[in-house]
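The next block holds one structure in the form of structure tokens; read it before the comments.
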Amino acid sequence: MKKMLLSLAVSAALAGCGGGETLDDVKQESTAVTPSASIKFDPSNGVISVPNDLLFNGTKDGTLNIPGELNGDGVPNLQRVQYADPSFALGALDGWSTQMPFAIDLTVPAGVEIDAASVATPGSVRIFEVVMGASQTVEECAQVPAGIACKAVAELTFGPTGDFVTQLGADGKSINVIPMKPLKSATTYITVLTTGLKDSSGSIAPSSSYTLLKQETPLVTPTQKSLQGVINSYENAVAALGTVTKEEIIYSAAMTTHSTFEVMGAVKQLLAGSLTTEQRPVLSVGEQPADGLTVADILGDALPEQVRPLYRSVRYLKGNIVLPRYLGEPQTTADTALADTYWQAQCDNALAVIEYKKVTGTDPDAEPGSNDELCKTLSKDKLRDFGLDQQRFVSRYNPLPKAQGANNIPVQITMPTDETNRPETGWPVVIMQHGITSKKEDMLGLTLALTQAGFATVAIDHPLHGDRGIDVNDDGEDDFNASTKSVLHYMNLQSLLVARDNLRQSVADLLGLRLGLNYINQATAVPLLFNTQDVSFIGHSLGSVVGPGFIAMANTPLDEQVDALFNVKAGALSSGGSGIANFLVESASFGPVVKSAVLSAATDLAVSKQFNAYMQEGAITDCGQFATDAGAFTNCAYSTFTAQLEANGDTVALGAINATVTQFAYAAQSVLGSADAANYAGAVKALGTPMYMGVVVGGENGNKKDQVIPPSTESNPLSGSLPMAALMGLAPVSESQMSTDGTPGSYVVKFSQGHHSSLLTTSFDERSGGTTEGHAAATMEIQKQLATFLATQGLMLPITNDAVIAK
């Protein structure tokens, strides 16, 4: 909360342009004698490449203002539910993506070609981290106007092992910038194009608008002068580092990245603050069946008969915990009913409070709301509750989410039935988190290995999964449940803000579970002794996606009196990944479902109308065998439809689909970014938490790579399982590891056999190829590796079966 008011750093227009002002009087492009390519930049006609902080123009809450989002007086002209539109969802964000590749568009005359080699040459495109005016963290920039670049901090490194690379777009009319590492969150960067960029006639030219703006002779209108000051501040700031001159610059643009840690840090602070109240989370265990239960009783026939006796050594109990729910609840059973259930802030936006005081010279004279004292206390008077901020988007300027209620969440608990080997301090505990469309009970297959290693376990369902589905009309059947109904209820493509906040709620629930675990020995009707100071984490699939965020937030110091209550000693992840939007699009299992949803919603496209008609008629015939499995049916229908387009040579329709999916992926990753593992992985590495990760890359006996979350993606070098492991600093190993000096290690092991769920089951998955024996062997190996790694907190990692390990 100390960094509540970071530099506004939001907008060129905030330097002095009012909302809606443009370069009306700036001369348009003039015809050159020798045609040459130029950078597209014409703000007077709305021609700018994104990301660009010009789209913060007129902001009142520090979020992006998407064209069409606001009416003339700066008030949103859309109902909240329309923020479900991927385009307008960006309007709820306090910055741009930290990891998505982006394009700077070019005007390329006929007969002119861009020199691709010049685009990929170091120095042609440069990126600088900068401090903007109105900074609350850099004193010398505090009095510089917001939107003006105050000073450059450092230049980013070009190259595959550096911060970014560049390449010519596939159409030859754009420069693609591809981050190789995530940019810092809540930070401003200036991208600069230079005369090093060439076309077939010479150097690429700046636009006429940019040429006028970069000159130092004052222009005429207030808008021109304001934007001229902004562009000159960009060029002056980066040139001051001495690595580029103003004469070399043909284009510059600022982009401020979205925040990552502020909101979840506020959630942790709220949980810690509840410890002295009746709302503190407590994991309690009530009366259990007189004869007791084991995991063998719960799984029953799902267990092979030969291993059923072994699972009788794993005691099974049911508990519960009450945790705050920041998600709204749907009011109807309609598919769109989840669209406006994203998190809302409980306070007025800090910028709204500042603006009110600036205009009136006083605090708001309205009656304060019920949250005013809490807002003041937690933000040191920077946030208030006077009803000034009607949208209340959760952001770095308004990070305190509003609790919409509380959920009494069932908790699954296991422990060894044999107490003779229990340590005096109690059983160490592993928090387990399941995957998407799965449920907590599916993690029980892992409990035998963990029990044999001396662990107790606890697990809850993700929101909208398992026991946490939502029955709106009380008819006894869940209307919304990703485990039994649709994956899109959680990974909500109809409302990306809801998808982001489902992920945030998963992390918030894990933080609450970890905190409530501290009281399990007192709040129980049965004898338990758990070592609540020795807690580890295991995440599978979606559990691995949210795992880095949970561990980063749990282990980031808050206050020495509560830090131990959140601490996680070590973590293990299986089949997870970062860059959610890209790996979903390229997922063999979920990709067609995602693309189908995107194409169906793009009703302005002719091919979308064709697809929707096909889904109503032709798909029933072609894919009727999958009628009882919605996911399989959609997968089949989309694949069949696009295969028909390819057979007909309809490259126009296929191109329209690919362009639409690409645009959606950019918007989706921008929205999901603040919950994405890539933005927490660096914190996990810096904190030194020992981490293990298993990834199925395939290769042996025709075994395919993970068919749900790919190890890597073609569209984004930061997306997939292996990029996430690299960002966390995990060392790739294929042989056993043992610390010789007491320093724990962090490792990623690549499996040549197995499948997405090999962590949990020895069953064969025909989608992944390979062999029954190979899949079973992979399960035994990964479970042994994981259990030993956690038991030694990263001091040992045994690799005993080379036959399932990729070299």
Side-chain angles (χ1 to χ4, degrees), residues 1-2 261 264-285 319 321-324 378 409 411 413 415 422-433 450 453-460 506-524 528-539 546-573 680 682-692 728 742-746 789-795:
M1 301 301 293
K2 293 180 180 179
F261 296 94
M264 294 313 300
V267 168
K268 182 177 179 180
Q269 187 176 4
L270 290 169
L271 285 168
S274 73
L275 289 174
T276 58
T277 73
E278 294 182 358
Q279 282 73 45
R280 71 173 184 174
V282 174
L283 174 49
S284 60
V285 183
I321 189 169
V322 178
L323 297 175
L378 292 179
I409 301 173
V411 182
I413 303 167
M415 56 190 294
R422 185 182 68 194
E424 291 184 7
T425 53
W427 300 115
V429 186
V430 176
I431 295 174
M432 304 189 300
Q433 189 57 276
L450 293 174
F455 286 109
T457 76
V458 298
I460 59 175
S506 288
V507 174
D509 292 341
L510 287 170
L511 289 169
L513 177 63
R514 172 63 187 98
L515 188 60
L517 182 60
N518 290 285
Y519 307 102
I520 189 171
N521 293 322
Q522 294 83 22
T524 176
L528 295 177
L529 184 58
F530 289 177
N531 184 351
T532 60
Q533 299 302 298
D534 188 352
V535 178
S536 300
F537 174 81
I538 290 173
V546 302
F550 164 58
I551 291 172
M553 298 313 305
N555 287 351
T556 296
L558 176 63
D559 185 286
E560 60 182 12
Q561 296 183 35
V562 300
D563 287 345
L565 302 179
F566 286 101
N567 182 255
V568 176
K569 298 295 185 184
L573 309 174
Y680 292 98
V684 174
K685 178 181 178 181
L687 289 163
T689 306
M691 297 294 297
Y692 164 87
M728 288 189 291
T743 302
S746 290
F789 180 87
L790 293 183
T792 64
Q793 295 181 6
L795 296 179

Heavy-atom closest contact ([X] atom, [Y] atom, distance):
X	Y	answer
Ala552	Leu687	O-CD1, 3.7 Å
Val684	Met691	CG1-CG, 3.7 Å
Lys569	Gln533	CE-O, 3.1 Å
Pro281	Leu323	CB-CD2, 3.6 Å
Gly745	Pro690	O-CB, 3.8 Å

So how far is it from [X] [atom1] to [Y] [atom2], rounded to the nearest 0.5 Å?
X	Y	atom1	atom2	result
Arg514	Thr532	CZ	OG1	6.5 Å
Leu510	Ile551	CG	CD1	9.5 Å
Gln269	Leu378	CD	CG	5.0 Å
Gln793	Ser536	CD	OG	5.5 Å
Leu513	Leu271	CG	CG	11.0 Å
Met415	Arg422	CE	CZ	7.0 Å

Donor-acceptor pair, [X] side chain versus [Y] backbone, under 3.5 Å?
X	Y	result
Lys268	Ala554	yes
Thr524	Ile520	no
Asp509	Ser506	no
Asn555	Val568	yes
Asp534	Trp427	no

* **Test side chain to side chain contact (heavy atoms under 4.5 Å, CB included) applied to Leu511 and Phe550, step by step** => CA-CA 7 Å; Leu511 289 169; Phe550 164 58; 3.9 Å; yes
Listing, residues 558-565 side-chain donor-acceptor contacts under 3.5 Å, not counting sequence neighbours, or none:
residue, atom, partner, partner atom, Å
Asp559, OD1, Gln561, N, 2.8
Asp563, OD1, Leu558, N, 2.8
Asp563, OD1, Asp559, N, 3.0

* To do: Report yes or no: is the cationic atom of Arg280 (NZ for Lys, CZ for Arg) under 6.0 Å from the centre of the six-membered ring of Tyr519, at an angle within 45° of the ring normal?
  => yes
Are the side chains of [X] and [Y] in touch, meaning some heavy atoms are under 4.5 Å apart?
X	Y	value
Val507	Met264	yes
Ile321	Val282	no
Leu573	Pro548	yes
Leu790	Ile538	yes
Ser746	Tyr692	no

* **Audit row: Tyr680, Phe261, ring-ring contact (aromatic ring centres under 6.0 Å, His included) steps and yes/no** => CA-CA 8 Å; Tyr680 292 98; Phe261 296 94; 5.2 Å; yes
* Going through the checks in order, is the side chain to side chain contact (heavy atoms under 4.5 Å, CB included) test met by Glu424 and Leu529? -> CA-CA 9 Å; Glu424 291 184 7; Leu529 184 58; over 6 Å; no
* **Among Ile431, Asn518, Val430, the one residue meeting side-chain contact (heavy atoms from CB on, under 4.5 Å) with Val535** => Ile431
* Might you work through the side chain to side chain contact (heavy atoms under 4.5 Å, CB included) test for Ile413 and Phe530, ending with a clear yes or no? => CA-CA 11 Å; Ile413 303 167; Phe530 289 177; 3.9 Å; yes
* To do: Show your working on side chain to side chain contact (heavy atoms under 4.5 Å, CB included) between Met553 and Val267 and close with a plain yes or no.
  => CA-CA 10 Å; Met553 298 313 305; Val267 168; over 6 Å; no
